[in-house]
There are 2 protein chains.
Amino acid sequence: MASHGGRGRSGGRPTLEEVAARAGVGRGTVSRVINGSPRVSDATRAAVEAAVAELGYVPNTAARALAANRTDAIALVVPEPETRFFAEPYFSDILRGVGAELADTEMQLLLIFAGSDRERQRLAQYLAAHRVDGVLLVSVHADDPLPDLLSQLEIPAVISGPRSAAESLTSVDSDNYGGARSAVEHLLGRGRRRIAHITGRLDVYGAQRRVDGYRDALRDAGHPADELLIEPGDFTEEGGRRAMRLLLAHHPDLDAVFAGSDVMAAGARQVLREAGRRIPDDVALVGYDDSAIARHMDPPLTSVRQPIQEMGRAMIDLLQTEIADRRPPASRGLDRRRAVLPTELVVRASS
Amino acid sequence: MASHGGRGRSGGRPTLEEVAARAGVGRGTVSRVINGSPRVSDATRAAVEAAVAELGYVPNTAARALAANRTDAIALVVPEPETRFFAEPYFSDILRGVGAELADTEMQLLLIFAGSDRERQRLAQYLAAHRVDGVLLVSVHADDPLPDLLSQLEIPAVISGPRSAAESLTSVDSDNYGGARSAVEHLLGRGRRRIAHITGRLDVYGAQRRVDGYRDALRDAGHPADELLIEPGDFTEEGGRRAMRLLLAHHPDLDAVFAGSDVMAAGARQVLREAGRRIPDDVALVGYDDSAIARHMDPPLTSVRQPIQEMGRAMIDLLQTEIADRRPPASRGLDRRRAVLPTELVVRASS
DNA sequence: ATCACTTGTGGGAGCGCTCCCACAGTACCT
DNA sequence: AGGTACTGTGGGAGCGCTCCCACAAGTGAT
């Protein structure tokens with residue numbers, strides 16, 4: 001286990017060649033062992049592994065990247081300013097999910113913010129230099145040029161939250177439609193009838209799908225949606241407050257609010273409380289994301305849980321496949337892959 | 001400006017050699033231009049730059065890393081679980097500061113969490129592979145083995161928040177002692193006399209220094225500190241609550257609280273409010289960090305501002321120096337560098 | 001005119017790997 | 001006996017740079 005600390009006589013790090021000499025084999029064989037090729041006899045493998053341990057050999061990443069034309073690194077690109085990244089639990093949850101999935105890999109994860117023009121400039125340079133094997137995109141707006149840049153540079157990419165039903169990149173999504181439906185059906189089941197919806201940014205496809213789910217749930221239950229009860233938000237707490245104020249002003253009789261995110265629900269809650277409405281007695285409240293905010297809200301917030309961990313896992317899986325597929329200049333099929341993961345309603349005291 | 005998109009005929013990315021051929025010069029000359037060497041005539045430089053633009057040349061990072069034995073990347077290592085990273089504004093502030101300073105550099109910043117044993121394992125591998133030129137360490141506890149590992153591997157490192165007065169690594173710090181003094185002097189100036197202190201984790205050197213500043217400010221003003229008014233916290237909100245409860249129970253006559261962080265001040269505020277104490281009328285409250293929390297608290301919190309941006313700048317500066325110094329196997333002097341930056345008291349309604 | 005230096009330039013060597021071809025050895029058919 | 005196939009192995013070539021030596025050309029002192 002313990003490396004004897006015995007480095008090559010030159011004081012530098014040991015190389016493949018030195019390991020090979022020590023193990024009494026050729027350079028190619030050591031390379032095969034290091035890379036887990038099956039075409040090595042057990043005895044040879046053992047000898048090489050012993051030499052590796054004795055010398056404390058660690059492969060030189062740069063040499064490997066140069067020779068193999070891959071970097072073993074992928075980037076998580078957040079096209080938002082850092083402030084939003086830290087403010088929104090969604091991002092850190094995704095990061096955690098991806099990180100967990102990557103933990104047993106050799107892959108290195110890079111976190112790159114591309115909120116400002118300057119940062120985007122840097123990112124473009126970075127991608128042009130092919131410093132990563134693939135890219136994970138989160139929270140991309142409909143008009144963002146990034147996906148085009150990526151396909152132009154032929155860099156494998158997976159997007160979380162497709163930009164539209166016709167998303168051209170491989171994508172991972174949660175079932176926004178189904179999640180919204182289950183939230184509204186839950187409220188209907190609790191006897192609520194005047195159910196408002198504070199939407200997310202409508203240039204985000206997932207937010208649209210939640211509106212669709214909200215509408216369809218009401219319609220299918222025989223209570224077609226009152227379009228006026230749909231108030232656009234923007235995923236921020238302040239947006240939630242603003243929307244809630246408008247809703248209260250125009251529809252004082254509402255008895256439930258389905259917010260497109262927990263953060264907006266938090267804003268809504270504040271306004272409701274200031275208006276003297278009790279939760280859930282007067283107005284039931286349901287959020288989306290099931291973030292830490294939901295658990296710590298007073299009262300605890302019913303919310304739609306997205307399987308973030310699984311989404312991270314799925315993103316990595318798909319990206320690895322893309323990377324592997326692209327290695328030979330394959331027939332880049334039009335079979336864009338797409339994963340949609342189920343959501344789960346977590347019922348708490350707010351509804 | 002616009003790259004014509006004309007890649008080498010082979011469809012791959014253009015190489016130095018191709019740029020050289022196009023510009024009618026040798027490979028070495030192109031390399032000199034790319035790396036900004038002054039030993040190139042203006043005419044040649046212009047020709048090379050034109051060729052670079054026409055071909056859309058971007059240097060191959062792996063080849064450069066292999067040949068030059070450097071990676072142009074540094075890591076920001078956070079020896080904490082990700083959750084704490086996202087919960088504490090201090091980290092994101094530091095990240096922002098470092099990121100801003102790095103924006104005009106070619107340097108790439110990597111964010112690495114080393115909270116769990118598994119993550120530390122990975123980090124050790126990572127460092128052993130020398131995948132970064134240097135390391136920025138934040139929030140390291142006194143008994144952490146990481147600094148030793150770094151000096152063993154001879155990886156340049158700068159630590160933010162030295163572990164002790166005898167810190168062996170190059171360090172950047174804010175003037176915790178002076179900051180605490182100014183907070184206490186401010187409270188004294190407002191006529192407060194029973195000033196309590198909720199400390200940070202005392203295995204963090206900066207937290208100790210704040211206690212020292214608190215003590216000395218009181219002593220120098222002729223009101224030696226009542227040691228019982230010093231209550232240990234742990235930088236968390238819950239810790240702030242706990243400490244505040246104890247303080248109120250044992251010292252109901254206190255008229256001011258100096259908390260070692262804004263987060264703890266938020267916890268303290270909650271307990272004070274629940275106990276019916278008005279802020280600042282009954283009890284004045286001062287925090288530390290001047291984070292977003294301080295601005296958004298009700299009432300807004302007086303807090304000691306650390307020049308995070310400047311600290312980030314200083315860390316990068318010092319690290320770059322370390323990296324440059326180490327390039328030739330220099331006489332590793334014992335002249336450990338250390339920067340201490342001044343703090344500023346931001347007075348708001350809470351005091 | 002000679003020498004000594006400086007400036008700008010070209011290109012060889014080499015960084016530490018991966019990829020792949022060559023080949024020895026063994027096994028199992030014809 | 002020859003063919004065919006597969007397994008395990010060694011080592012050459014080459015990835016795209018940087019470093020550095022060599023050297024031509026110019027400059028100025030002797």
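Computed from a prediction, not measured in an experiment: that's the story for all the values here. Below, read A as the first sequence line, B as the second, and so on, with proteins coming before strands; counting in each chain starts at 1.
Heavy-atom contacts of chain B under 4.0 Å fall on DNA chain D between two terminal nucleotides, which in 5' to 3' order are D:dG16 to D:dC20.
With hydrogens and angles left out, the side-chain atoms of B:Ser92 and A:Glu82 include no donor and acceptor closer than 3.5 Å.
Taking for each of A:Thr29 and B:Pro59 the nucleotide of DNA chain D with the nearest heavy atom, the 5'-most of the two is the partner of A:Thr29. Residues B:Ser41 and B:Ala67 each lie close to DNA chain C; by heavy-atom proximity, the contact nearer the 5' end of the strand is made by B:Ser41. Where A:Thr15 and B:Val25 meet DNA chain C, the nucleotide closest to each residue was compared, and B:Val25 sits on the side nearer the 5' end.
Note that CG of B:Asp117 and CG of B:Leu123 are 12.0 Å apart. Values are rounded to the nearest 0.5 Å.
Nucleic acid contact class of A:Arg27 (heavy atoms, under 4.0 Å, all strands): base.
A:Phe85 and B:Phe86 have their aromatic ring centers within a separation under 6.0 angstrom.
Proximity of a side-chain donor or acceptor of A:Ser37 to a complementary backbone N or O of A:Val33 within less than 3.5 Å is not detected. Using modelled atom types, one side-chain atom of B:Glu167 and one backbone atom of B:Arg163 make a donor-acceptor pair closer than 3.5 Å.
Of the charged side-chain nitrogens involved, none lies within less than 4.0 Å of a carboxylate oxygen, so that A:Arg337 and A:Asp317 do not count as a salt-bridged pair.
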